[in-house]
Number of protein chains: 2
Amino acid sequence: MARKSPLKDEALEHVARRFAVLAEPMRLRLLQALFAGEMNVNALVAATGGTQANISRHLQTLTHAHILSRRKEGLQVFYTIADPSIFKLCELVCGSLEKQFTKNADAFSR
Amino acid sequence: MARKSPLKDEALEHVARRFAVLAEPMRLRLLQALFAGEMNVNALVAATGGTQANISRHLQTLTHAHILSRRKEGLQVFYTIADPSIFKLCELVCGSLEKQFTKNADAFSR
DNA sequence: CAAGTATATGAGTATATGCGCATGTTAAGT
DNA sequence: ACTTAACATGCGCATATACTCATATACTTG
């Protein structure tokens with residue numbers, strides 16, 4: 001993106017897919033929890049307040065997108081953030097949204 | 001995100017919404033076209049190959065998300081990228097996906 | 001005011017996906 | 001072998017949203 005030649009359709013769909021994976025509040029909560037480091041499923045269920053089944057599915061989605069990595073240890077499965085670009089992505093979006101809100105706040109307060 | 005205290009639910013939904021807006025190939029095509037500068041709807045319809053109705057809807061979505069800005073001039077409406085963070089966002093995702101693919105390529109070629 | 005052009009929008013349909021419930025699978029302990 | 005614990009998954013429902021077609025709106029020109 002932001003290059004000389006436009007991306008091909010297939011590439012665009014990959015990019016869109018990546019954004020779609022990040023477009024769920026529950027998945028963002030999982031990522032937020034994992035920012036502190038590796039966690040197993042039970043801990044993530046507790047941290048996010050979701051049901052075990054639902055969390056498991058979201059973890060699957062994030063793993064298939066290569067955003068998380070899985071490590072099995074006995075009965076437990078530990079997940080970690082595998083793609084460091086996620087940090088910057090979230091920071092960028094948060095920063096942009098903050099600007100928007102402070103702008104709106106300004107508009108109302110004068 | 002990536003801060004000391006976790007984001008509130010409402011903030012997470014805003015972040016998720018921002019990602020959702022970017023999770024459509026056609027909208028990414030529109031952004032890609034607009035990277036070169038301001039364009040009116042007809043030009044965008046031609047550049048993306050979509051129908052006028054569909055493009056108009058996507059432009060509305062992007063504008064409501066404060067990613068694009070609208071400027072009316074007579075009969076025509078010109079759109080511009082209003083949020084510069086979009087550039088970096090797309091670059092980050094593209095870079096991350098490229099790494100993934102070259103990694104996979106490596107894995108198969110040895 | 002009539003006609004034409006550029007864009008937006010209402011309505012309907014099809015598809016995708018998040019969630020809950022129940023059940024399956026894998027591994028540890030007794 | 002049986003039980004229990006930790007995860008994963010099949011299925012059905014409900015909702016969201018992308019797309020198309022037709023029509024509405026806004027503006028310009030004759």
Side-chain angles (χ1 to χ4, degrees), chain A residues 9-10 12-34 38-82, chain B residues 9-10 12-34 38-82:
Chain A
D9 287 7
E10 198 193 331
L12 279 181
E13 293 191 9
H14 278 109
V15 176
R17 179 63 200 159
R18 158 74 42 130
F19 282 127
V21 169
L22 297 173
E24 282 300 313
M26 184 56 93
R27 285 198 282 270
L28 293 177
R29 273 204 257 181
L30 287 169
L31 290 173
Q32 214 173 211
L34 287 167
E38 197 184 48
M39 286 203 204
N40 66 17
V41 179
N42 257 339
L44 287 167
V45 168
T48 59
T51 66
Q52 184 267 320
N54 200 26
I55 296 304
S56 183
R57 275 209 209 293
H58 283 307
L59 290 171
Q60 183 181 236
T61 301
L62 288 163
T63 305
H64 283 161
H66 301 280
I67 292 173
L68 299 184
S69 65
R70 256 177 68 109
R71 182 175 70 81
K72 242 185 139 175
E73 187 178 315
L75 271 181
Q76 303 181 341
V77 178
F78 290 86
Y79 286 89
T80 322
I81 294 184
Chain B
D9 287 7
E10 198 193 330
L12 279 181
E13 292 190 10
H14 278 109
V15 176
R17 178 65 198 157
R18 158 74 40 131
F19 282 127
V21 169
L22 297 173
E24 280 301 311
M26 184 56 92
R27 285 199 282 270
L28 293 176
R29 274 204 258 182
L30 287 168
L31 289 174
Q32 214 173 211
L34 287 167
E38 198 184 48
M39 285 203 203
N40 66 18
V41 179
N42 255 342
L44 287 166
V45 168
T48 59
T51 67
Q52 184 266 322
N54 200 25
I55 297 302
S56 182
R57 281 223 149 70
H58 284 306
L59 290 171
Q60 182 181 236
T61 301
L62 288 162
T63 305
H64 283 161
H66 301 280
I67 292 172
L68 298 185
S69 65
R70 254 176 70 108
R71 182 174 69 82
K72 239 185 141 175
E73 187 178 315
L75 270 182
Q76 302 181 342
V77 177
F78 290 86
Y79 286 90
T80 323
I81 294 184

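Here is the naming used below: chain letters follow the sequence lines, and residue numbers restart at 1 for every chain.
For Leu75(B), counting side-chain heavy atoms from C-beta on, the closest listed nucleotide (dT5(C), dG20(C), dT26(C)) is dT5(C). The side chain of Gln76(A) has dC7(D) as its nearest neighbour among dA26(D), dG20(C), dC7(D). The listed nucleotides are dC27(D), dT20(D), dT9(D); the one nearest the side chain of Ala53(B) is dT20(D).
At a threshold of 4.0 angstrom between heavy atoms, the contacts of Tyr79(A) are confined to the sugar-phosphate backbone, with no base atom among them. Among the heavy atoms of the strands, none lies under 4.0 Å from Arg71(B). Within the 4.0 angstrom heavy-atom criterion, base atoms lie near Gln52(A).
Remark: Lys72(B) is in phosphate contact with dC27(D), judged by side-chain N or O atoms under 4.0 Å from OP1 or OP2. Residue Asn54(B) places at least one side-chain N or O under 4.0 Å from the OP1 or OP2 atom of dC19(D). Checking the phosphate oxygens (OP1, OP2) of dT17(C), a side-chain nitrogen or oxygen of Arg17(A) falls inside 4.0 Å. Taking 4.0 angstrom as the limit, Arg57(B) places none of its side-chain polar atoms (N or O) nearer than this to OP1 or OP2 of dT7(C). In terms of phosphate contacts, Ser56(A) brings no side-chain nitrogen or oxygen within less than 4.0 Å of OP1 or OP2 of dC7(D). Dashed line: the shortest gap from a side-chain N or O of Gln60(B) to OP1 or OP2 of dA8(C) is not under 4.0 Å. A sub-4.0 Å separation between OP1 or OP2 of dC19(C) and a side-chain N or O of His58(A) is present. Taking side-chain N and O atoms only, Asn40(A) has no distance below 4.0 Å to OP1 or OP2 of dA6(D). Note on Arg70(A): a side-chain N or O is less than 4.0 Å away from OP1 or OP2 of dA8(D). For the OP1/OP2 pair of dC7(D) and a distance below 4.0 Å, the side-chain nitrogens and oxygens of Asn42(A) include at least one atom meeting the criterion.
Nucleotide dT7(C) holds its C1' atom 12 Å from the CD1 atom of Ile55(B), rounded to whole Å. Remark: C1' of dA8(C) and CG of Leu62(B) are 15 Å apart, rounded to the nearest angstrom. Spacing between atom CG of Leu12(B) and atom C1' of dG18(C) amounts to 16 Å, rounded to whole angstrom units. Between Glu73(B) atom CD and dC27(D) atom P there is a gap of 13 Å when expressed in whole angstrom units. Going from atom CZ of Arg27(A) over to atom P of dT17(C) covers 9 Å, rounded to whole Å. Taking atom NE2 on His64(B) and atom P on dA8(C), their separation rounds to 10 Å, with Å as the unit. Across the protein-nucleic acid pair, Phe78(A) atom CZ and dA8(D) atom P stand 12 Å apart, rounded to whole Å. Between Met26(A) atom CE and dT17(C) atom C1' the separation is 15 Å, expressed in whole Å.
Here the shortest heavy-atom pairing between Met39(B) and Ala33(B) reads CE-O, 3.2 Å. Listed here is the closest heavy atom pair of Ile81(A) and Leu68(A): CA-CD2, 3.8 Å. For the residue pair Arg17(A) and Thr61(A), the shortest heavy atom distance occurs at NH2-CG2, 4.0 Å. Between Val21(A) and Ala65(A) the shortest heavy-atom distance is CG2-CB, 4.0 Å. The two residues Arg29(A) and Thr48(A) have their closest heavy-atom pair at NH1-O, 2.9 Å. When all heavy atoms are compared, the tightest approach of Ala82(A) to His66(A) is CB-O, 4.1 Å.
In this structure the side chain of Arg70(A) reaches within 4.5 angstrom of the side chain of Tyr79(A), judged on heavy atoms. Proximity of Arg71(A) to Thr80(A): side-chain heavy atoms (C-beta onward) are nowhere separated by under 4.5 Å.
For the strand DNA chain D, secondary-structure stems (runs of at least three Watson-Crick or G-U pairs, all distances below 3.5 Å) span C:1-30 with D:1-30.
Looking only at distances, no side-chain donor or acceptor of Arg27(A) sits under 3.5 Å from a matching main-chain atom of Leu62(A).
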